[in-house]
Amino acid sequence: MNFFAGLLLLLMPEENAFWTFVGIIDDYFEGYYTEEMIESQVDQLVFEELMRERFPKLVNHLDYLGVQVAWVSGPWFLSIFVNMIPWESVIRVWDVLLFEGNRVMLFRTALALMELYGPALVTTKDAGDAITLLQSLAGSTFDSSQLVFTACMGFLAVTEARLQELRVKHRPSVLEVIEERSRKGRVWKDSKGIATKLYSFKHDPGSLVEEKKDNDKGDMVADKDVQLGLESHSSNLDELLDSLNIDSKMDSLPDLQEQVVLLKVEMCRLLEEKRSSILRAEELETALMEMVKEDNRLELTARVEQLEHEVAILQQALTDKQEQEAAMLQVLCVPVFSSVYFCSNSARARPKSY
Amino acid sequence: MGDDIFDEECDYLFKAVVIGDSGVGKSNLISRFTKDEFRIDSKPTIGVEFGYKNIKVRDKLIKAQIWDTAGQERAITSSYYRGALGAMLVYDITRLSTFVNIKKWLHELREFGNEDMVIILVANKSDLSHSREVEKEEGKVFAEKEGLCFMETSALQNLNVEEAFLQMITIIHDIISQKSLEDKMNGPKLNLTNGKEIHIADEVTATKQVNCCSR
């Protein structure tokens, strides 16, 4: 799946690649890339039957060596040949696949590869050699035209209808194996107890914690609005831890390690939140201080203005006083002069009158 | 293929499988052992791949054929284990779940594999001890309880990788020679019809070098 997602990303922008990917999986490979890979297994059985039909000698030989066809063809189908045959051949196969709109081309191509390399395989004497040989031969299928031609012309009888028929025939056996496996797994799991509970645990309490988280988050936000919220944070943390402890007691799952991890994660998240709100509080404080400072400045400027005004008034008063003084001096000087003048005049005149 | 030159000189061909969860480092262990390579960006294995290596054990040249498989493959069938003389069970010390699953793999091995298969438990990625989730003791205790060999390895740092494979192959060799000795004592001639489990393995060996087996 990752292999052909890579192919799509090489050919188109991310979003288009994503939707193409979704389309291909939903329309062409329904049930292929699931946990149990049911359809993929069914297809392998179908392919094996087709192989037996077409190349009985080769299959006999592989049986003798203990090679399962699916070991080699499985990866071909799952990767839609990406990384299995040369690039150009992959693209040619994809052309047909997308044009026809179903996975028939996968079967035809795989059968074509077997036809091309079957004769060489018959000479191998060991399972390892056979598989390695087939893998390396498939990897050097550089004649893409020959491959596509062999696939489309040589195996016309392999049609979607025929495949469906075979799939219906083989599906029950795959389902049966899976059913048995899971039943056995369950019995085994029960007997083994603790260790395997790790698995089931992963899902349930995780969601519980998730819910709790959401609720508390809501509370926290509300608190934050009321006050700066630092205190409420720590109290919430305690609350949360308490509730989690209760949860774990109630569930009484022996999965302490997992829980410890979950709690650690939760704690880290809360600490992070606390830290960020402390930072915000600090920021607000500095902002406030600055505002206060600015207020002072206004006051001071007002006082300066006032003082300047006073200074101006005083200066005005000063000049007024000076003017007054000058005027007074003038007034005082005039009589002195006149009296002197008068005295001298009278002194000069006095002898005349004698 | 390239190995054909050695085939005539080899005394034995041993098949061994490497199993364990996906991403524990099976492919890198094998490539470290067979080619002394390590790829940090290796892609997941799908299907089956192989590694070969010729080793000398007690004057015998042994060709080890190591089967690598996809860890996520749930559809591995009994035929995968057919004829395997050794199995390497691998888990990742930084992921507890891979250690838990060892039980599952062991269960499968005991169900499908032949009974005197040599099993070695390998705790890989010992270089990542800072994010260790499984203690060495836990692995050791488990191995002792189940009667397996145990070794902690690092394919990245090439720690104990060769030793682990060699130990497995040496034990296989000892068992095989023991068996063939017993067979020689019991029957006048070693042939494929007499004997039990081990002949599945010998069959593989015999197809190539009949002369070696019967000596």
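Reminder, nothing fancy here: chain letters follow the sequence lines and each chain counts from 1.
- Taking the ring centroids of A:Phe77 and A:Phe107, they lie under the 6.0 Å cut-off.
- With respect to chain B, the highest number of heavy-atom pairs below 4.5 Å among A:Ser79, A:Gly66, A:Ser73 belongs to A:Gly66.
- For chain B, no part of A:Ile178 is nearby; none of its heavy atoms comes within less than 4.5 Å.
- Heavy-atom neighbours of chain B within the stretch residues 83-90 of chain A, taken at a separation under 4.5 angstrom, comprise A:Asn83, A:Met84.
- Looking at residues two or more places apart in sequence or on another chain, you find no salt bridge (Lys or Arg N to Asp or Glu O under 4.0 Å) involving A:Arg92.
- For B:Glu163, there are no salt bridge (Lys or Arg N to Asp or Glu O under 4.0 Å) partners two or more places apart in sequence or in a different chain.
- Proximity of a side-chain donor or acceptor of B:Lys15 to a complementary backbone N or O of B:Arg82 within less than 3.5 Å is detected.
- Remark: A:Ala112 pairs with A:Leu147, A:Thr150, A:Ala151, A:Phe155 by the side-chain contact (heavy atoms from CB on, under 4.5 Å) rule, at least two apart or across chains.
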Open item on the list: Is there a side-chain hydrogen bond (donor to acceptor under 3.5 Å, both in side chains) between B:Asp68 and B:Ser27? Walk through the geometry before answering.
Closed with: CA-CA 6 Å; B:Asp68 185 10; B:Ser27 301; 2.6 Å; yes

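- Between B:Lys140 and B:Glu144 there is no salt bridge, since none of the side-chain N atoms of the basic residue sits less than 4.0 Å from a carboxylate O of the acidic one.
- Chosen from B:Glu49, B:Glu133, B:Glu111, the residue pairing most often with chain A at heavy-atom distances under 4.5 Å is B:Glu111.
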